[in-house]
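Whatever order the structure lists them in is the order used to number ligands and atoms, beginning at 1.
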Amino acid sequence: MYSISNKISLGKQASVTKNNFSNDEIIPSAVVKFTCCDCGHENVVEIKPYETGFPVFQLFHEDKVLSKNELLENRLVSETPKNMIHFGELTVNNLPTLYFGTSCISCHSKYICVFSYGEKQPGLTLLTISGIWKYN
Ligand SMILES: [Zn+2]
């Protein structure tokens with residue numbers, strides 16, 4: 001897993017076996033499986049709360065990696081309602097939102113994963129994968 005600092009163009013969305021994790025399913029990590037669009041290999045990535053990922057803000061700051069429009073149109077994120085803006089301008093499920101880059105271990109195609117993690121309400125912690133997209 002790595003951060004992305006150059007402009008990218010989004011490709012196809014990979015299929016992910018499970019997008020929503022809650023409470024115990026996230027301890028010690030959420031195990032996410034996605035199928036490579038190019039070679040069909042099933043890849044496994046582990047998301048560890050407070051360790052995995054980089055703020056999604058870094059992607060659209062000065063349109064460095066992707067513009068806000070690209071993020072919204074491709075549904076990587078949504079606009080956050082004003083009363084929850086402290087979680088960030090663009091979020092998944094109105095919770096703190098992160099991303100990371102990864103690649104298919106079989107054919108080395110590159111992917112970006114966007115997810116959010118946080119306490120939705122007392123006693124309910126959620127991790128939501130908005131999706132995993134191929135990029136160039
Ligand atoms: Zn592949």
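- A 6.0 Å sphere centred on NZ of K18 holds more than 12 heavy atoms belonging to other residues, nucleotides or ligands.
- None of the N, O or S atoms belonging to H41 lies under 2.8 Å away from the Zn ion (ligand 1).
- Because the distance cut-off is set at 2.8 Å, H108 fails to qualify as a neighbour of the Zn ion (ligand 1), as none of its N, O or S atoms comes that close.
- Judged purely by atom type and a 3.5 angstrom limit, E25 uses its side chain to pair as donor or acceptor with the backbone of S22.
- Between the K120 side chain and the N93 main chain, a donor and an acceptor come within less than 3.5 Å of each other.
- Among the atoms of C107, an N, O or S atom is found under 2.8 Å from the Zn ion (ligand 1).
- Between the side chains of T91 and S116, no donor N or O sits under 3.5 Å from an acceptor N or O.
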